[in-house]
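These figures come from a predicted structure and were not determined experimentally.
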Amino acid sequence: MTRTGKARTALVVGGGIAGPVAAMALRRAGIEAAVYEAYDSTADGVGGGVTIAPNGQDALDAIGAGHLVRAIGTPVTAMGLRSWTGKDLARFAPPSRLPAQQFVWRADLYRALHDEAARRAVLVHHGKRLTGTTDSGSGITAHFADGTRASADIVIGADGIRSTTRSLIDPAAPAPNYAGLVCFGGRTYQSGMASTEGVMYMCFGKRAFFGYQIFEDFSAVWFVNLPRGAPMTVAEAQAIGAKEWMRTLLAAFADDRTPARELIGRTDLDELLITGPMENMPRVPTWTRGRMTLIGDAAHAASSSSGQGASLAVESAVELARCLRDLPYDQAFATYEHLRRPRVERIIKLGARTNSNKTAGPVGRVLRDLAMPAAMKLISPERMAWQFDHHIDWDARAIPSV
């Protein structure tokens, strides 16, 4: 361990998406890293779908892992916005000079990342729920609920929106807020509909928000954001059961002239994913304390409406590793935050604006549907390119922030 200077070893807390990417990036930077995951088992077969934006793919390419997404993904060439009447409100896509977004099933992404991490000799320890840390001055020791401990030069918290690491860094750190929406997803194997030819449609329904894409094999993915005033936990939502939620979802789209009812109706009950409440993470004022720092949702949880959550997590993991490669850990942490905070907070604000459109009332819905087509005509792909055209130059030396 080192009292000052560059980190040689790291503990990464959290084995979702950001954790394995961070460990692989750190190893590429010459830093020994292992992942410590709270759950006893792997997350194979768990979760719905995510999109990996061009910037997320670029960040993975920086550590030689972009091919993993392209091997399991389905291109999303554009996003189409529609009203509950089926009227096209807008369509947008990254500039044509950038690669298409890739839709991936979270379980497939999880398995691909963990297999690649194992291939690169990254150790992943399960059943390691973080409870505390001790800073010795020359290193840091993580304490786990099973009574074990592990030591390294630094600890990186990649433990999600309810991060324990975040609370250890700042006991007064904010907690996530309920966004007024309960979320669901599904996979329909026989949609009975033609392919949307790479377009993922987002439909602002009268009572709920519906998104879908139909693939070349006529299978489909769909998701729903259902407004609900009273918050509920994931466990409470799942306790209601798939059958009852299916009835609720079908009723929510009864008046809509979109494919919502047909796609939901063609979905088997065991393919309904009840993900529970959508939560917004307030601005996290403190990312770093001593030998600990945060990445991914632990630091900057972007709403699923942004389509950037996983991509931003990957970016931060890679950028942090680059900074740690070139700088003493304290300077690296400061430089990493200086590079990342403005970008992630700008994207988070965009996602919050989208969420407000999803919960619009009758008057707001009419105004939104009238204003959106004209507003989108004023926005060229290049004006939105800053989200997607973000490159991390892995070979460039990290310059300390002032």
Residues forming a side chain to side chain donor-acceptor pair (under 3.5 Å) with [X], sequence neighbours excluded:
X    : answer
D256 : none
S163 : D159
R343 : E315
H125 : none

Hey, could you give me the [atom1]/[atom2] distance between [X] and [Y], rounded to the nearest 0.5 Å?
X    : Y    : atom1 : atom2 : result
R106 : D108 : CZ    : CG    : 12.0 Å
K87  : L81  : NZ    : CG    : 12.5 Å
L294 : T286 : CG    : OG1   : 9.0 Å
S191 : L263 : OG    : CG    : 6.0 Å
D297 : M281 : CG    : CE    : 9.5 Å
Q190 : D268 : CD    : CG    : 10.5 Å

Under the 3.5 angstrom rule, does the side chain of [X] hit a backbone N or O of [Y] as a donor-acceptor pair?
X    : Y    : value
S316 : A313 : no
E32  : R27  : no
D217 : S219 : yes
T275 : C183 : yes
S311 : A53  : yes
D88  : A90  : no
T77  : G198 : yes
E37  : Y39  : yes
D153 : T9   : yes

More than 12 heavy atoms from other groups under 6.0 Å of CD on E236: yes
Enclosure of R149 CZ (heavy-atom neighbours >12, cutoff 6.0 Å): no
Test side-chain contact (heavy atoms from CB on, under 4.5 Å) on Y329 and L324; report intermediate values, then the result. CA-CA 6 Å; Y329 74 86; L324 287 165; 4.1 Å; yes
Given side chains that start at C-beta, do those of [X] and [Y] come closer than 4.5 Å, heavy atoms only?
X    : Y    : result
R8   : I31  : no
W287 : R341 : yes
M292 : T133 : yes
Q331 : F333 : no
M246 : T267 : yes
V318 : V21  : yes
F103 : I72  : no
S83  : F204 : no

Checking H143 against T134 for the side-chain contact (heavy atoms from CB on, under 4.5 Å) test, could you report, in this order, the C-alpha distance in whole Å, the side-chain angles of both residues, the deciding distance, and whether it holds? CA-CA 8 Å; H143 304 267; T134 303; 2.8 Å; yes
Quick one: do the [X] and [Y] side chains pair a donor with an acceptor below 3.5 Å?
X    : Y    : answer
N55  : Q308 : yes
Q213 : T196 : no
R257 : T85  : no

[X] versus [Y], closest heavy-atom pair with distance:
X    : Y    : value
M79  : V199 : C-CG1, 4.4 Å
Y178 : G229 : CE2-O, 3.6 Å
W394 : R325 : O-NH1, 2.6 Å
L168 : R289 : O-NH2, 2.7 Å
A252 : A208 : CB-CB, 4.3 Å
D326 : A398 : OD2-N, 2.8 Å

Would you mind checking if [Y] and [X] are paired as a salt bridge, meaning a charged N to carboxylate O distance below 4.0 Å?
X    : Y    : answer
R207 : D255 : yes
D389 : R97  : yes
E345 : K349 : no

Does NZ or CZ of R266 come closer than 6.0 Å to the centre of the six-membered ring of W222, within 45° of the ring's axis? no
Any pair with a residue in residues 225-256 that passes ring-ring contact (aromatic ring centres under 6.0 Å, His included), sequence neighbours left out, goes on the list, sorted by first then second residue, please. F184-W245, F210-F253
For [X], enumerate each residue passing the salt bridge (Lys or Arg N to Asp or Glu O under 4.0 Å) test, keeping only those at least two apart in sequence or located in another chain.
X    : answer
R261 : none
R322 : E319
R162 : E279
D170 : none

Give the C-alpha distance, both sets of side-chain angles, the deciding distance and a yes or no for side-chain contact (heavy atoms from CB on, under 4.5 Å) between V69 and V104. CA-CA 7 Å; V69 168; V104 296; 4.2 Å; yes
Scan for salt bridge (Lys or Arg N to Asp or Glu O under 4.0 Å) pairs involving residues 116-132, sequence neighbours excluded, and state none if there are none. E116-R119, E116-R120, K128-D146
Applying salt bridge (Lys or Arg N to Asp or Glu O under 4.0 Å), which residue pairs with at least one partner in residues 55-65 are found, sequence neighbours left out? D61-R70
Please name all residues satisfying ring-ring contact (aromatic ring centres under 6.0 Å, His included) with H390, sequence neighbours left out, ordered by chain then number. none
Derivation of the side-chain contact (heavy atoms from CB on, under 4.5 Å) call for V35 and L123: CA-CA 6 Å; V35 177; L123 294 178; over 6 Å; no
